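Step one of this worksheet: look at the structure below.
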Amino acid sequence: MDFKLSEKALSISPSVTLEITAKAKEMKQRGIEVISFGAGEPDFDTPKNIQEAGIKTIKEGNTRYTASAGVLELREAICQKLKKDNNIEYTPQNIIVSNGAKHSIFNALTAILNQGDEVIIPVPYWVSYPEMVKLAGGKPIFLETKEEEGFKYNVEELKKSITDKTKAIIINSPSNPTGAVYDREELEQIAKIAIDNNIFIISDEIYEKLIYDGKKHISIASLNKEIKDLTIVINGMSKAYAMTGWRMGFAAAHAEIIKAMTNIQSHTTSNPCTISQYASLEGLKGEQKDIEYMRNKFEERRNYMVDRINAINGLTCRKPSGAFYVMANIVQIKGKEIKGKKINSSLDFANLLLNDINVAVVPGIAFGADDYIRLSYATSMENIMEGLNRIEALLK
């Protein structure tokens, strides 16, 4: 039967990781011990004080609709957080709370894009950026970044990518999947390009608190008023506060942009979950020691994983500065035959790891980077050791 689905829906690419994810899940259900490096979420529980705030909200019957943009107290707390952590001044009129950071990004793209507008996206990219741009009527423009340049925009290449249709540049710092973190000088160069060409910046800062080696997160919106007015800062509770399932994201931007995003949200999802909003209020205003505990654990795991990967025959990797992923370079493996299987792509290698040694990774092609696989260290040290032992034995 021909259902005549929309061209917009049909333009969305299916996830190339679905096959591996489904296979790994099916294997686990059959009792096979699969070591998964695919996790995009912390393996820690939500801090107790946040859990208790959510429970208290339910028990007090505070479970009705809120303002579409989120409760005022939470938006005020977000303003305080942005002032304290990022040195950016906002009022509640500059804030919208959404059902996760992904929702905030989609609202932003829908608010600023007209049909055919171009959005520059760095490669490797987070899998949902291109698809959300397409859903919002825009055209993703992919700009390759180089491993030797830290997987960050080359400013000269970025300048060449600007056309009269360029509407926005996406920055993800710290980055999923590369862990790249932009420094002040790099952000200043990108900001100048945006200001000179009147281009929006969508600055995805969801991994902001997961930065290592004493480095500091800098938001591009903090550099000056001109770039602040052009920037839509995206953040949320998912990664730093281990609240992925609570679905809490937020955006900060010029009041006109937030007004448009709020109108869109009011007609699609209405307000974000009331219970999660009050739990997030406690997360922002309460004790922060759990965040530093998780960050330290991630840094320990990162150090171990990077050292081990670089000692494995055929694999290399950079040490990521943030988030909880490692992009392992598989160029030395591509084209070779392992256990009777020809490895022509990252998907071939990911399938080999899953089928032969029960280790699940994400093929780099999912991020537009077929010379890599992504491994998450948001899993226990025991799992990391065992999984890398299996990979090392296979490649020997």
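Everything numeric here is computed off the predicted structure, so don't read it as measured data.
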Under a 3.5 Å cutoff, is there a donor and acceptor pairing between the side chains of [X] and [Y]?
X: Y241; Y: Q288; result: yes
X: N329; Y: E147; result: yes
X: N86; Y: E208; result: yes
X: K134; Y: S11; result: no

For the pair [X] (side chain) and [Y] (backbone), establish whether a donor and an acceptor sit closer than 3.5 Å, ignoring hydrogens and angles.
X: N235; Y: E205; answer: yes
X: Y212; Y: A323; answer: yes
X: D196; Y: I193; answer: no
X: E76; Y: P92; answer: no

Is any side-chain heavy atom of [Y] closer than 4.5 Å to one of [X]?
X: R247; Y: C273; result: no
X: K396; Y: E392; result: yes
X: V359; Y: F37; result: yes
X: I373; Y: L353; result: yes
X: N114; Y: K167; result: yes
X: I169; Y: I120; result: yes

Tell me the ring pair (Phe, Tyr, Trp, His ring centres under 6.0 Å) pairs involving residues 250-282, sequence neighbours left out?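 Qualifying pairs, neighbours excluded: none.
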For [Y], is there an ion pair with [X] - N to carboxylate O distance below 4.0 angstrom?
X: K48; Y: D290; answer: no
X: K160; Y: E157; answer: yes
X: E156; Y: K159; answer: yes
X: E299; Y: R295; answer: yes
X: D348; Y: K341; answer: no
X: R390; Y: E386; answer: yes

In the single-linkage hydrophobic clustering (I, L, V, M, F, W, Y; side-chain heavy atoms under 4.5 Å), do I12 and F106 co-cluster?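 Yes; tracing contacts between hydrophobic side chains, which count when under 4.5 Å, links both residues.
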Could you state whether L394 and M27 fall into the same hydrophobic cluster, counting links through intermediate Ile, Leu, Val, Met, Phe, Trp or Tyr residues with side-chain heavy atoms under 4.5 angstrom apart?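 No, L394 does not connect to M27 through the hydrophobic network.
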Please give me the minimum heavy-atom distance between [X] and [Y], naming the atom from each residue.
X: S98; Y: Q265; result: OG-OE1, 2.9 Å
X: A251; Y: I232; result: CB-CG2, 4.2 Å
X: I227; Y: I220; result: CG2-O, 3.2 Å
X: K216; Y: I211; result: C-CD1, 4.3 Å
X: S128; Y: K102; result: OG-NZ, 3.3 Å
X: L354; Y: A24; result: CD2-N, 3.9 Å

Between I95, N87, N94, which is the residue that forms a side chain to side chain contact (heavy atoms under 4.5 Å, CB included) with L82?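 Testing each of I95, N87, N94 against L82, the sole residue satisfying side chain to side chain contact (heavy atoms under 4.5 Å, CB included) is I95.
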Against Y129, only a single residue in V119, D204, I202, L109 fulfils side chain to side chain contact (heavy atoms under 4.5 Å, CB included); can you say which?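 Only match with Y129 under side chain to side chain contact (heavy atoms under 4.5 Å, CB included): D204.
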Looking at [X], I'd like to know if its [atom1] atom is crowded, meaning that more than 12 non-hydrogen atoms belonging to other residues, nucleotides or ligands lie closer than 6.0 Å.
X: E73; atom1: CD; result: yes
X: E185; atom1: CD; result: no
X: E256; atom1: CD; result: no
X: K192; atom1: NZ; result: no
X: K83; atom1: NZ; result: yes
X: K139; atom1: NZ; result: no

Which of parallel (below 30°), tilted (30 to 60°) and perpendicular (above 60°) describes F324 and Y377?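 If you compare the ring of F324 with that of Y377, the planes turn out perpendicular.
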[X]: which residues meet the side chain to side chain donor-acceptor pair (under 3.5 Å) condition with it, sequence neighbours left out?
X: T231; result: none
X: S173; result: none
X: K285; result: none

Could you go step by step and tell me if K23 and N355 meet the side-chain hydrogen bond (donor to acceptor under 3.5 Å, both in side chains) rule? CA-CA 9 Å; K23 178 77 182 295; N355 294 327; 2.5 Å; yes
Salt bridge (Lys or Arg N to Asp or Glu O under 4.0 Å) partners for K289, two or more places apart: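 Expected list: none.
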With sequence neighbours excluded, residues passing ring-ring contact (aromatic ring centres under 6.0 Å, His included) with F151: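 Y372.
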Among R301, R308, R302, exactly one meets side chain to side chain donor-acceptor pair (under 3.5 Å) together with Y304. Which residue is that?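 Filter result, single survivor: R308.
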